[in-house]
Colleague: 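This structure is in C-alpha cells; I'll ask about it shortly.
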Amino acid sequence: MKKLFCKSIIIGLFLSLLVIPLFAKEKLDWYIMDNAITVTSRGEVHEKYYIQLAIGYNISEKKAQAELKSRKIELIDFLRRFFSNCSAEDLKPENDAVLRAKLKDEINQNLLTKPFVEDVKFIQKRKL
C-alpha cells in the first residue's frame with residue numbers, strides 16, 4: 001500500500017510539473033485597437049473593408065502594452081499597408097487564420113523591438 005501511495009505521488013508530480021504545462025495555454029492580455037481602419041484590396045476586384053483588431057501578448061510581458069500604445073500611429077500605418085497589399089481573396093473569412101498568422105509574424109518582425117505578439121484576433125472585419 002505504501003509503494004502504491006508513493007508511486008501515485010510521483011506520477012502526480014510528474015503530470016503537474018512536466019506534462020500538464022505542455023498543454024496549458026498561455027494567459028494573454030489584449031491590446032484592443034480603438035481605431036478601426038478602412039482599406040481597399042488590391043487586384044482586379046477592389047473591395048473596401050472595415051477592420052478592427054485585438055493584439056494578444058503574454059500577460060507576463062510588462063512592456064508589451066506600453067510599446068503597442070506608444071507605437072499606435074506606426075501600427076495603424078503598418079496595418080493599412082499590410083491590408084492594402086491583400087487581395088479580395090486574401091480577405092475572405094475562410095482565410096482569416098492564415099491572415100492572422102501573417103499579421104502576428106509581420107508585427108513581431110517589423111514593428112516591435114521584441115516579439116511580444118502571441119495572437120491576433122479580428123474584432124471586426126467586414127466588407128463595405
Colleague: Just wondering, do Leu112 and Leu68 contact through their side chains at under 4.5 Å, heavy atoms?
Modeller: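 A side-chain contact under 4.5 Å exists here.
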Colleague: Distance-only, no hydrogens or angles: does the Lys121 side chain make a donor-acceptor pair with backbone N or O of Gly56 under 3.5 Å?
Modeller: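 Absent.
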Colleague: Quick check for you: to the nearest 0.5 Å, what is the distance between Tyr49 atom OH and Thr40 atom OG1?
Modeller: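 Between Tyr49 OH and Thr40 OG1, I get 10.5 Å after rounding to 0.5 Å.
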Colleague: Just so I know, are the side chains of Ile76 and Met33 near enough to count as touching, which here means a heavy-atom distance under 4.5 Å?
Modeller: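 Yes. Closest side-chain heavy atoms under 4.5 Å.
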Colleague: Kindly write out the residues that satisfy side chain to side chain donor-acceptor pair (under 3.5 Å) with Ser84, not counting sequence neighbours, or none if the list is empty.
Modeller: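 For Ser84 there are no side chain to side chain donor-acceptor pair (under 3.5 Å) partners, ignoring immediate neighbours.
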Colleague: Work out which heavy atom in Phe116 is nearest to a heavy atom in Tyr57; give both atom names and the distance.
Modeller: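 Heavy-atom minimum between the residues: O-CB, 3.4 Å.
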Colleague: Identify the heavy atoms of Ser41 and Ser87 that sit nearest to each other, and give their distance.
Modeller: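 It is CB-C, 3.8 Å.
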Colleague: What residues, two or more places apart in sequence or in another chain, satisfy salt bridge (Lys or Arg N to Asp or Glu O under 4.0 Å) together with Lys92?
Modeller: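 If we apply the salt bridge (Lys or Arg N to Asp or Glu O under 4.0 Å) test to Lys92, skipping adjacent residues, the hits are Glu89.
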Colleague: Quick one: which residue pairs count as a salt bridge (charged side-chain N to carboxylate O under 4.0 Å, His left out) with a foot in residues 98-110, not counting sequence neighbours?
Modeller: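 Sorted result for residues 98-110: Arg100-Asp119.
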Colleague: Going by side-chain contact (heavy atoms from CB on, under 4.5 Å), name the residues that satisfy it together with Ile59, two or more places apart in sequence or in a different chain.
Modeller: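 Residues passing side-chain contact (heavy atoms from CB on, under 4.5 Å) with Ile59: Lys27, Asp29.
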Colleague: Is there a side-chain contact between Leu99 and Phe83, using heavy atoms and a 4.5 Å cut-off?
Modeller: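 The answer is yes, as the side chains (C-beta and beyond) meet within the 4.5 Å cut-off.
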Colleague: How is the hydrophobic cluster of Tyr50 composed, in terms of its other members, when Ile, Leu, Val, Met, Phe, Trp and Tyr link through side-chain heavy atoms under 4.5 Å apart, directly or indirectly?
Modeller: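 Besides Tyr50, the cluster holds Leu128.
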Colleague: Do Ile51 and Leu79 have side chains that approach each other closer than 4.5 Å (heavy atoms only, starting at C-beta)?
Modeller: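 No, every pair of side-chain atoms sits at 4.5 Å or beyond.
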Colleague: Taking side-chain contact (heavy atoms from CB on, under 4.5 Å) as the definition, give me every residue that meets it alongside Lys62, ordered by chain and number, with sequence neighbours left out.
Modeller: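 If we apply the side-chain contact (heavy atoms from CB on, under 4.5 Å) test to Lys62, skipping adjacent residues, there are no hits.
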Colleague: State, to 0.1 Å, how close Leu111 and Glu74 come at their nearest heavy-atom pair, and which atoms those are.
Modeller: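 Of all heavy-atom pairs spanning Leu111 and Glu74, the closest is CD1-CB, 3.9 Å.
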Colleague: Could you pull out all residues at least two apart from Lys48 that satisfy salt bridge (Lys or Arg N to Asp or Glu O under 4.0 Å)?
Modeller: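 For Lys48, no residue satisfies salt bridge (Lys or Arg N to Asp or Glu O under 4.0 Å) once neighbours in sequence are set aside.
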Colleague: Rounded at 0.5 Å granularity, tell me how far CZ in Phe82 sits from CG in Asp77.
Modeller: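 Output value for this atom pair is 14.0 Å.
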Colleague: Kindly check if the number of other-residue, nucleotide or ligand heavy atoms within 6.0 Å of CD (Glu44) is above 12?
Modeller: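 Result for CD/Glu44: open.
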Colleague: For the pair Leu75 and Tyr31, evaluate side-chain contact (heavy atoms from CB on, under 4.5 Å) and give the outcome as yes or no after the intermediate values.
Modeller: CA-CA 12 Å; Leu75 182 59; Tyr31 173 72; 4.0 Å; yes
Colleague: With a 3.5 Å cut-off and no angle check, do the side chains of Asn35 and Lys72 form a donor-acceptor pair?
Modeller: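 Side-chain D/A pair, Asn35 to Lys72: present.
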Colleague: Please list, chain by chain and in numerical order, all residues satisfying side chain to side chain donor-acceptor pair (under 3.5 Å) with Glu67, sequence neighbours excluded.
Modeller: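 Glu67 satisfies side chain to side chain donor-acceptor pair (under 3.5 Å) with Arg71, Thr113 once adjacent residues are dropped.
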Colleague: Side chain to side chain donor-acceptor pair (under 3.5 Å) with Gln124: which residues, sequence neighbours excluded?
Modeller: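 So Gln124 forms a side chain to side chain donor-acceptor pair (under 3.5 Å) with Gln52, Arg126.
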Colleague: Under a single-linkage rule joining Ile, Leu, Val, Met, Phe, Trp and Tyr whose side-chain heavy atoms are separated by less than 4.5 Å, which residues share a cluster with Ile123?
Modeller: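 Its cluster mates, by chain and number, are Leu28, Trp30, Ile32.
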Colleague: Mind checking side-chain contact (heavy atoms from CB on, under 4.5 Å) for Val45 and listing every partner two or more places apart, or none if nothing turns up?
Modeller: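 Partners of Val45 by the side-chain contact (heavy atoms from CB on, under 4.5 Å) criterion, ordered by chain and then number, come out as Glu47, Ala88.
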Colleague: Restricting to side chain to side chain donor-acceptor pair (under 3.5 Å), what partner residues turn up for Asn95, sequence neighbours left out?
Modeller: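 Asn95: no side chain to side chain donor-acceptor pair (under 3.5 Å) contacts found.
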